[in-house]
Amino acid sequence: MNGNTCFSALKERILKDGKCLEGGILKVDGFINHQIDPDLLEQMSVEFIKRFAAVEYNKILTIEASGIAPAIMLGFLLHLPVVFAKKKKPSTMDNMLTTTVFSFTKNRSYDVCCSKDFLKPGDKVLFIDDFLANGNAAKGIIDLVQKAGAEIAGMGFLIEKSFQHGGDYLREQGIKVESLAIIDSLDNCAIKFRD
């Protein structure tokens, strides 16, 4: 698969339970990022396993908070460690890598950090997150991974908003990107998928 095919179970769920708000916002808090449907989560993880079958990776990386559930399910199925970059520096963390990320939803920048103990030179990292919009979180993760001396093996997103062009940027960098549902438009609060 080339990352341009919608995963039907997720597409159907978005149409059934997703809520579109003004300004290009899609709410999926009833089944992905507030209340979580574990069955759908497992189905999406199995789909990621298929899509990244030809890719070699030894670690799954995400960013708190909404990426944690899909990353853990994938790690559980693959028996791989899952690391999540933190948005607040814990007082107990030393030996860390940091980068700055701008949040489209919250309209502010924040520092993201990860311990060098868990992101090491030679790691081949699969990044998993719930949304790909402008790609700011993904760019921050790329920076963290490069600082660690590791490499990005691929990036998987549950939902990509293609009209915000983060996916275009990542693919232009030569990164293997797989999005389970690609939304081409939310104009007039109508959800238009790429088929």
Heavy-atom pair of closest approach, residues [X] and [Y]:
| X | Y | answer |
| --- | --- | --- |
| Val125 | Ala150 | CG2-CB, 4.4 Å |
| Cys189 | Leu21 | SG-C, 3.7 Å |
| Leu41 | Met73 | O-CG, 3.8 Å |
| Val82 | Gly75 | CG2-CA, 3.8 Å |
| Ala138 | Phe127 | CA-CE2, 4.3 Å |
| Thr100 | Ser109 | CG2-CB, 4.0 Å |

- Query: Going through the distances and angles, do Phe48 and Leu158 end up as a side-chain contact (heavy atoms from CB on, under 4.5 Å)?
  - Reply: CA-CA 9 Å; Phe48 275 138; Leu158 305 184; 3.6 Å; yes
For atom [atom1] of [X], decide whether the heavy atoms of other residues, nucleotides or ligands shown that lie under 6.0 angstrom number more than 12.
| X | atom1 | answer |
| --- | --- | --- |
| Phe163 | CZ | yes |
| Phe193 | CZ | yes |
| Lys87 | NZ | yes |

[X]/[Y] ion pair, N-O < 4.0 Å:
| X | Y | result |
| --- | --- | --- |
| Asp37 | Arg13 | yes |
| Lys192 | Asp184 | no |
| Glu160 | Arg171 | yes |
| Lys139 | Asp143 | no |
| Arg51 | Glu47 | yes |

Heavy-atom side-chain proximity of [X] to [Y] below 4.5 angstrom:
| X | Y | result |
| --- | --- | --- |
| Lys176 | Phe52 | yes |
| Gln43 | Phe7 | yes |
| Ile36 | Ile32 | no |
| Ile25 | Glu22 | no |
| Leu144 | Leu61 | no |
| Ile142 | Leu170 | yes |
| Ile159 | Ile183 | yes |
| Ile68 | Ser66 | no |

[Y] backbone acceptor or donor facing [X] side chain under 3.5 Å:
| X | Y | answer |
| --- | --- | --- |
| Asn58 | Asp123 | no |
| Gln35 | Gly30 | yes |
| Lys59 | Leu126 | no |
| Thr62 | Asp129 | no |
| Ser179 | Ala181 | no |

- Query: Taking it one step at a time, do Lys161 and Leu186 satisfy side-chain contact (heavy atoms from CB on, under 4.5 Å)?
  - Reply: CA-CA 9 Å; Lys161 296 194 277 187; Leu186 292 171; 4.0 Å; yes
From [atom1] ([X]) to [atom2] ([Y]), nearest 0.5 Å:
| X | Y | atom1 | atom2 | value |
| --- | --- | --- | --- | --- |
| Cys113 | Lys86 | SG | NZ | 7.5 Å |
| Lys120 | Leu97 | NZ | CG | 12.0 Å |
| Met44 | Ile128 | CE | CD1 | 10.5 Å |
| Phe31 | Asp39 | CZ | CG | 14.0 Å |
| Met96 | Asp117 | CE | CG | 12.0 Å |
| Ile14 | Leu180 | CD1 | CG | 9.0 Å |

- Item | Leu15/Glu12 under side-chain contact (heavy atoms from CB on, under 4.5 Å): CA gap, chis, key distance, verdict | CA-CA 5 Å; Leu15 290 172; Glu12 286 161 19; 5.8 Å; no
- Message: Between Thr98 and Asp111, is there a side-chain donor-acceptor contact under 3.5 Å, judged purely by atom types and distance?
- Response: no
- Can Val177 and Phe157 be said to form a side-chain contact (heavy atoms from CB on, under 4.5 Å), step by step? CA-CA 8 Å; Val177 175; Phe157 302 91; 4.1 Å; yes
